[in-house]
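I have placed the structure first, in the form of structure tokens, so that the comments after it can refer back to it.
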Amino acid sequence: MFTYSSVLRACGCVSHLVQLHSSIYKHGLESDVFVRSALIDAYSKWGLPQEALCVFDEMPTGDLVVWNSVISAFAQNSNGHEALHLFKRMKRAGFDPEQSSLTSVLSACTSLALLELGRQAHVHVFKYHQDLILNNALLDMYCKCGGVEDANTIFTRMADKDVVSWSTMIAGLAQNGYSREALKLFDSMKDSSTQPNYITLLGVLFACSHAGLVEDGWCHFRSMKKLYGIEPGREHYACMLDLLARAGKLNKAVELINEMGFEPDGAMWRTLLDGCRAHKNVDLAMHAAEQILKLNPQDAGSYILLSNIYANAGRWDDVAGIRKVMNEKGIKKQPGCSWIEVGKQIHTFVLGDGSHPQINEIKIQLESLIQRLVRAGYVPDLNFVLKDLEGEEQREDSLRYHSEKLAVVFGLMNLPKGQTIRIRKNLRICGDCHLFVKLATKLEKRTIVIRDPIRYHHFHDGACSCGDYW
DNA sequence: TTAGGGTTAG
């Protein structure tokens, strides 16, 4: 038992793990709780939570650690629903959750971006208010669920803070559009006794890139090694590229790619491509797209970005060419999708999908809202319609029914006045929806928070926390 | 003082 639980931690590939697993059976040790938790954990670390669940389910023997192992297996492999389901099973089985279980539950709420659920988990945490790791998980949960004010309160009250607490808060502020506050916090961190690490600096550079702070970004990037002994890694370069590309310093971005000493990956070229779209550099865009498609010939996002760049430049033959290639290769763009939590239920809206039971009412309300917004000065921005990829008659509808607009209207209809409307979506928000939501918060006197895959937009009284730079 | 579970980026 002692041997296996030690060796399982050291196994270096899945096939070794499977061999150890059968050898455990051979020796009849599979019911030992130490061996079982180590096995569950090992499967989880190799990204196989279902295998971990099999190990868990096949024996009745278990203790709190075995439960915690299997819950964390799903929490860490981004299956928040299953983690929460197992947590409920654990409570029904008569086990009292403690710090480790609650940390996994918080991490599950974080990955699901469900603020109300996270608040419920927070209630269980009160009696452990001195636990550092648990507090860190709480910080992350509040930051990622759009409750950055709550995170700030907890952070201020934390007696002990380690590098994870500081890094979580710095990145959290930046993701929520509070870049300058994030940089101020980094200054306070330097005054404290905690040394920044690799991840802290990523948060700092992220803050700079999302606020267009080019000089600050360079300064932190160039001083990483000297001040903190941290060699800039691939991710730091990616952040710098993002900073330069967004700010329109495309030549500097290309210089950085050439000098960085890493092979640029698809995400880096994609960053550059997006900068080319924003700053209308067709030639560089073509080069970047070519590089991406060499690395990943099926990357739908790049085809669409490139085709929009061509469309904006009026190069309709090239637009048609891309559409043809996409058709031939069977490449489809991912449909936009938004989620909103109302009455403990998640409501999903997908572009072009009218399956929501209230969809007709929502469309009527949306139409009326658009008319009121137009009277208040809203002009739909047709630049964001994918002219090339949609049929002529769908053009206006495709913009009108972007999933976040449907979710916003649904929130206005169903959430009490004064309650913040929180939406999560799978793609980045388009400029037209951004304008629409800004104006809607002013007209309807509501606060709206939208989380996209990269960051948050806090809309209030006609403005957004991103300062229209995202 | 021979063994198992939790937090930060992309």
Side-chain angles (χ1 to χ4, degrees), chain A residues 1-10 24 29 32-45 52 55-56 61-76 78 83 86-87 90 95 97-111 121 125 128 131-144 151 154-155 158 160-175 182 189 194 196-207 209-210 230 232-239 241-242 265-268 270-271 453-455:
Chain A
M1 281 124 58
F2 285 93
T3 318
Y4 280 113
S5 33
S6 305
V7 168
L8 278 167
R9 296 177 61 147
I24 286 165
L29 296 172
D32 178 75
V33 287
F34 284 85
V35 174
R36 296 190 64 217
S37 55
L39 251 182
I40 290 170
D41 192 47
Y43 276 118
S44 160
K45 299 261 150 70
V55 173
F56 178 80
T61 55
D63 63 2
L64 191 55
V65 178
V66 175
W67 276 104
N68 290 342
S69 309
V70 75
I71 293 171
S72 110
F74 286 95
Q76 292 181 346
S78 4
L86 283 160
F87 179 69
M90 177 181 100
F95 290 92
E98 35 86 277
Q99 290 101 315
S100 172
S101 353
L102 291 170
T103 307
S104 293
V105 165
L106 283 172
S107 148
C109 297
T110 309
S111 66
V125 169
Y128 298 113
D131 188 281
L132 177 61
I133 297 182
L134 200 38
N135 274 335
N136 288 345
L138 263 182
L139 286 183
D140 192 40
M141 185 277 288
Y142 277 117
C143 285
K144 295 238 174 64
I154 294 168
F155 183 79
M158 276 168 69
D160 295 319
K161 300 181 179 79
D162 67 358
V163 64
V164 176
S165 330
W166 289 98
S167 309
T168 304
M169 207 55 221
I170 290 169
L173 284 167
Q175 285 165 338
M189 179 181 184
T194 313
N197 68 11
Y198 190 94
I199 295 172
T200 320
L201 264 298
L202 277 179
V204 170
L205 295 179
F206 183 96
S209 85
H210 283 258
I230 303 162
R234 190 173 266 289
E235 290 102 326
H236 299 105
Y237 277 98
C239 256
L241 279 176
D242 190 44
D265 59 26
M268 289 173 173
R270 179 68 178 269
T271 298
I454 310 284
R455 63 170 298 157

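Just so you know, these numbers use all the heavy atoms, side chains as well, and skip hydrogens, waters and symmetry mates. Order of the sequence lines fixes the chain letters, A, B, ..., with proteins taken first and strands second; residue numbering starts at 1 for each chain. Small disclaimer: the values here were computed from a predicted structure and weren't measured.
- The aromatic rings of A:H236 and A:Y198 lie perpendicular to each other, with more than 60° between the two planes, well past the 30° mark.
- In this structure, A:N135 reaches neither bases nor backbone, as no heavy-atom distance under 4.0 Å exists between it and the strands shown.
- One atom, CE of A:M169, and another, C1' of B:dT7, lie 15 Å apart when rounded to the nearest Å.
- For A:L202 and B:dT7, the CG to C1' distance is 16 Å, given to the nearest whole Å.
- Closest to the side chain of A:Q175, out of B:dG4, B:dG10, B:dT8, is B:dG10.
- Picking from B:dA3, B:dA9, B:dG6 the nucleotide with the shortest atom distance to the side chain of A:S72 gives B:dG6.
- Between the OH atom of A:Y237 and the P atom of B:dA9 there is a distance of 22 Å, rounded to whole Å.
- Checking B:dG4, B:dT8, B:dA9 against the side-chain heavy atoms of A:F34 singles out B:dG4 as nearest.
- Set against B:dG6, B:dA9, B:dG10, the side chain of A:F206 has B:dG10 as its closest nucleotide.
- Contacts of A:V33 with the nucleic acid, taken as non-hydrogen atoms under 4.0 Å apart, include base atoms.
- Residue side chain A:D32 does not reach the base of B:dG4 through any donor-acceptor N/O pair under 3.5 Å, judged by distance alone.
- Contacts of A:T168 with the nucleic acid, taken as non-hydrogen atoms under 4.0 Å apart, involve only primed sugar atoms and P, OP1 or OP2.
- In this structure, A:W67 has its ring center closer than 6.0 angstrom to the ring center of A:F56.
- Protein atom CG of A:L64 is 19 Å distant from nucleotide atom P of B:dA3, rounded to whole Å.
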- [ ] Check the pair A:D160, A:N135 against side-chain hydrogen bond (donor to acceptor under 3.5 Å, both in side chains), reporting the backbone distance first and the verdict last.
- [x] CA-CA 10 Å; A:D160 295 319; A:N135 274 335; over 6 Å; no
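- Contacts of A:Y4 with the nucleic acid, taken as non-hydrogen atoms under 4.0 Å apart, are absent.
- When heavy atoms are screened at a 4.0 angstrom cut-off, A:V66 is found touching base atoms of the nucleic acid.
- Spacing between atom CZ of A:F95 and atom P of B:dG4 amounts to 19 Å, rounded to whole angstrom units.
- A donor-acceptor pair under 3.5 Å is formed between the side chain of A:S69 and the backbone N or O of A:V65.
- In the set B:dT2, B:dA9, B:dT7, B:dT7 carries the atom at the smallest distance from any side-chain atom of A:N136.
- In this entry the distance linking CH2 of A:W166 with P of B:dA9 reads 18 Å, nearest Å.
- With hydrogens and angles left out, the side chain of A:Q99 and the base of B:dG6 share no donor-acceptor pair within 3.5 Å.
- Among the atoms of the strands shown, none is found under 4.0 Å from any heavy atom of A:K161.
- For A:L138 and B:dT8, the CG to P distance is 12 Å, given to the nearest whole Å.
- Look at A:Q76 and you'll find a side-chain N or O under 4.0 angstrom from OP1 or OP2 of B:dT7.
- The separation between A:Y43 atom OH and B:dG4 atom P is 18 Å, rounded to whole Å.
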Open item on the list: Assess the residue pair A:D242 and A:T271 against the criterion (side-chain hydrogen bond (donor to acceptor under 3.5 Å, both in side chains)); give the C-alpha distance rounded to whole Å, side-chain angles, the decisive distance to 0.1 Å, and a yes or no.
Closed with: CA-CA 6 Å; A:D242 190 44; A:T271 298; 4.6 Å; no
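- With values rounded to the nearest 0.5 angstrom, A:L138 atom CG is found 9.0 Å from A:M158 atom CE.
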